[in-house]
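All figures in this text were calculated on a predicted structure; none of them were measured in a lab. Below, chains carry the letters A, B, ... as their sequence lines are ordered, and counting in each starts from 1.
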There are 2 protein chains.
Amino acid sequence: MSSIRQALLSLLAREPLSGYDIKQRMNNRLGPFWKVGSNQVYPELARMEEEGLVALQGIEQHDYRPARKLYEITEAGREAVIRWTTEPGGADQYRDDFLLKAYNSWLVDPERMIEGIREMKKQHEEKLAAYEAKVAELTSQLAGRSVADPLFSSISVVEFGVRYERLYVEWCEELIAKLSRREPE
Amino acid sequence: MSSIRQALLSLLAREPLSGYDIKQRMNNRLGPFWKVGSNQVYPELARMEEEGLVALQGIEQHDYRPARKLYEITEAGREAVIRWTTEPGGADQYRDDFLLKAYNSWLVDPERMIEGIREMKKQHEEKLAAYEAKVAELTSQLAGRSVADPLFSSISVVEFGVRYERLYVEWCEELIAKLSRREPE
DNA sequence: AACCCCATGTAACTTGTTACATGATTAA
DNA sequence: TTAATCATGTAACAAGTTACATGGGGTT
């Protein structure tokens, strides 16, 4: 059930990682695609170690730095991810504050609203550019890979991101067009 | 900050409603677009009444039924929604469990994965049909409305839903195509 | 001098989910 | 008879957010 547990296991199924690594992948690599705090990562790793889903592979100690605890997934852990991945589940509900703001646009001065939409559009354009770059980067690494390589899965996910951001930007443009048609300066 | 508060106020800005009404609108009308439990609605309404954002308009008593408490938004409440709607905010992070499952698709037997994707696709197709019907229904009510009518805002939001579900279905189709190319029965 | 990076973790707080409780009426 | 609808609400739990704590080394 807990989605964070699944997220951690999904990353560890690919390579051994430390708690810090995991946090970085989630918060930076795929942009704000999935954010977590250290409070969620470290205790969850400890719990999963107790349950035998992950195991401490070793501790790296670089002179002055704090110890780096590398975790690897166990066979039980791998089975758990596979079970979760194949088990049927309902579609998640979509939720976005800005849609609620759009729902209130009738209450607000159109010019003001347009400003806000433009700002939101800009943010999604930036994400779009980042995802597009990521797809290009990953695709260039594709040469000579087996068809069962994790890279194929990664690309599909980032491609979703590209489409999503594209949709968002287009929708913003239409909203702006509708509102300006109504209120010609 | 609290998004439920904003959601309640956004609905009450259009018409007086009871807690039960609000729950219905969120959970049924726009499908699982925004789900809430009674535990969130009723206490939040009480809190907002204390703070003067909403006011009890009256209590309906239909013979045997439990009393129905109708709330209306106050001037302070309306100002609060407008303030929130126009204030700048960062893009929400997108989060969907099924994307994480797709990220794990390399781990899993392609045929099994395809089954799961088909099931997910079906669910999104149903949502798509529901949103499309909703857009048609709302559009037919448009005749003779003022350009500042809440209906225009509603349509924009549901249109987002249509596009989103469309994107999701298309992405599922591509995923299936990619996986079957790899594993011809 | 002030801040960011690495790397671990804890504490306090706010949200959201699931289940329960009441109780009459109506539809399967 | 079983379940659903209306209508309010509470209790217990799970998940997520923000802030804090440590501490040396590097960057501006």
Side-chain angles (χ1 to χ4, degrees), chain A residues 1-9 11 16-29 32-51 54 56-71 89-90 92-97 100, chain B residues 1-9 11 16-29 32-51 54 56-71 89-90 92-97 100:
Chain A
M1 281 285 157
S2 141
S3 48
I4 274 161
R5 162 163 298 205
Q6 302 305 334
L8 300 197
L9 281 178
L11 289 174
L17 295 166
S18 71
Y20 189 80
D21 291 334
I22 291 172
K23 227 188 112 195
Q24 294 308 98
R25 311 245 154 178
M26 293 204 171
N27 297 346
N28 306 338
R29 213 135 279 279
F33 218 32
W34 203 295
K35 284 226 170 173
V36 277
S38 41
N39 49 84
Q40 294 185 274
V41 174
Y42 295 113
E44 191 62 44
L45 273 174
R47 246 172 280 145
M48 289 198 294
E49 197 193 356
E50 264 180 53
E51 293 176 39
V54 301
L56 204 55
Q57 198 198 42
I59 298 179
E60 284 173 28
Q61 185 71 64
H62 286 285
D63 33 307
Y64 58 88
R65 293 253 177 92
R68 210 176 108 83
K69 293 161 85 175
L70 257 193
Y71 289 92
D92 278 19
Q93 66 177 314
Y94 179 82
R95 184 151 156 185
D96 185 306
D97 271 6
L100 191 56
Chain B
M1 281 284 158
S2 142
S3 48
I4 274 162
R5 163 163 297 205
Q6 300 307 332
L8 301 196
L9 281 177
L11 289 175
L17 295 165
S18 70
Y20 189 80
D21 291 334
I22 290 173
K23 226 187 113 197
Q24 295 306 99
R25 312 247 151 176
M26 292 205 173
N27 298 346
N28 306 337
R29 214 133 278 280
F33 218 33
W34 203 294
K35 283 226 168 172
V36 276
S38 40
N39 49 84
Q40 294 185 275
V41 174
Y42 295 114
E44 190 64 44
L45 272 173
R47 245 171 283 144
M48 289 198 295
E49 196 191 357
E50 263 180 53
E51 294 175 38
V54 302
L56 202 56
Q57 199 197 42
I59 298 179
E60 283 173 30
Q61 186 71 63
H62 285 284
D63 34 306
Y64 59 89
R65 295 253 176 91
R68 208 177 109 84
K69 295 160 82 174
L70 257 194
Y71 289 91
D92 278 19
Q93 67 176 313
Y94 179 81
R95 177 127 135 220
D96 184 306
D97 271 5
L100 192 54

**Q** Can you name the side-chain contact (heavy atoms from CB on, under 4.5 Å) partners of Lys23(B), sequence neighbours left out?
**A** Asn27(B), Val36(B), Ser38(B), Val41(B)
**Q** Write out a two-atom table: protein N or O, nucleotide N or O from nucleotides 17-27 of chain D, distance below 3.5 Å.
**A**
from    : atom 1 : to       : atom 2 : distance (Å)
dT17(D) : O4     : Asn39(A) : OD1    : 3.3
dT18(D) : O4     : Asn39(A) : ND2    : 2.4

**Q** Can you measure Glu44(A) atom CD to dG9(C) atom C1' for me and round it to whole angstrom units?
**A** 15 Å
**Q** For Glu60(B), which residues count as a side chain to side chain donor-acceptor pair (under 3.5 Å) partner, sequence neighbours excluded?
**A** Arg68(B)
**Q** To the nearest Å, how far apart are Leu17(B) CG and dT8(D) P?
**A** 11 Å
**Q** Counting C-beta onward and ignoring hydrogens, is there a side-chain heavy-atom pair between Asp97(A) and Gln6(B) closer than 4.5 Å?
**A** no
**Q** Quick one: list whatever passes side-chain contact (heavy atoms from CB on, under 4.5 Å) with Ala46(B), sequence neighbours left out.
**A** none
**Q** Verify side chain to side chain contact (heavy atoms under 4.5 Å, CB included) between Tyr71(B) and Leu17(B), making sure each step is shown before the conclusion.
**A** CA-CA 5 Å; Tyr71(B) 289 91; Leu17(B) 295 165; over 6 Å; no
**Q** Please list, chain by chain and in numerical order, all residues satisfying side chain to side chain donor-acceptor pair (under 3.5 Å) with Glu49(A), sequence neighbours excluded.
**A** none
**Q** For dT8(C), does either OP1 or OP2 sit under 4.0 Å from a side-chain N or O belonging to Tyr20(A)?
**A** no
**Q** Assign each of Pro43(B) and Glu60(B) to its nearest nucleotide of DNA chain D by heavy atoms, then name whichever residue's nucleotide is nearer the 5' end.
**A** Glu60(B)
**Q** Grab the NZ-C1' distance between Lys23(A) and dC6(C) for me, whole Å please.
**A** 10 Å
**Q** Grab the CD1-C1' distance between Ile22(A) and dG9(C) for me, whole Å please.
**A** 14 Å
**Q** Look at the side-chain N and O atoms of Ser3(A) and state whether any lies under 4.0 Å from the OP1 or OP2 oxygen of dA14(D).
**A** no
**Q** In whole Å, what is the span from the CG atom of Asn27(B) to the C1' atom of dC6(D)?
**A** 15 Å
**Q** What contact category does Lys69(B) fall into here, base, sugar-phosphate, or nothing, at under 4.0 angstrom with non-hydrogen atoms?
**A** sugar-phosphate
**Q** What integer distance in Å separates Met26(B):CE from dG16(C):P?
**A** 10 Å
**Q** Can you pull out how bent the helix from dA1(C)-dT28(D) to dA28(C)-dT1(D) is, comparing the axes over its first five and last five pairs, to 10°?
**A** 40°
**Q** Just to verify, what does Gln40(A) make a side chain to side chain donor-acceptor pair (under 3.5 Å) with, not counting sequence neighbours?
**A** none
**Q** Whole angstrom is fine here: how far is it from CD in Gln24(A) over to P in dC5(C)?
**A** 9 Å
**Q** Taking the side chain as every heavy atom from C-beta outward, state whether Leu11(A) and Asp21(A) have any pair of such atoms under 4.5 Å apart.
**A** no
**Q** Let me know the distance between CD1 of Ile59(A) and P of dT8(C), rounded to the nearest Å.
**A** 10 Å
**Q** Do the side chains of Arg47(A) and Glu44(A) get close enough for a salt bridge, i.e. N-O under 4.0 angstrom?
**A** yes
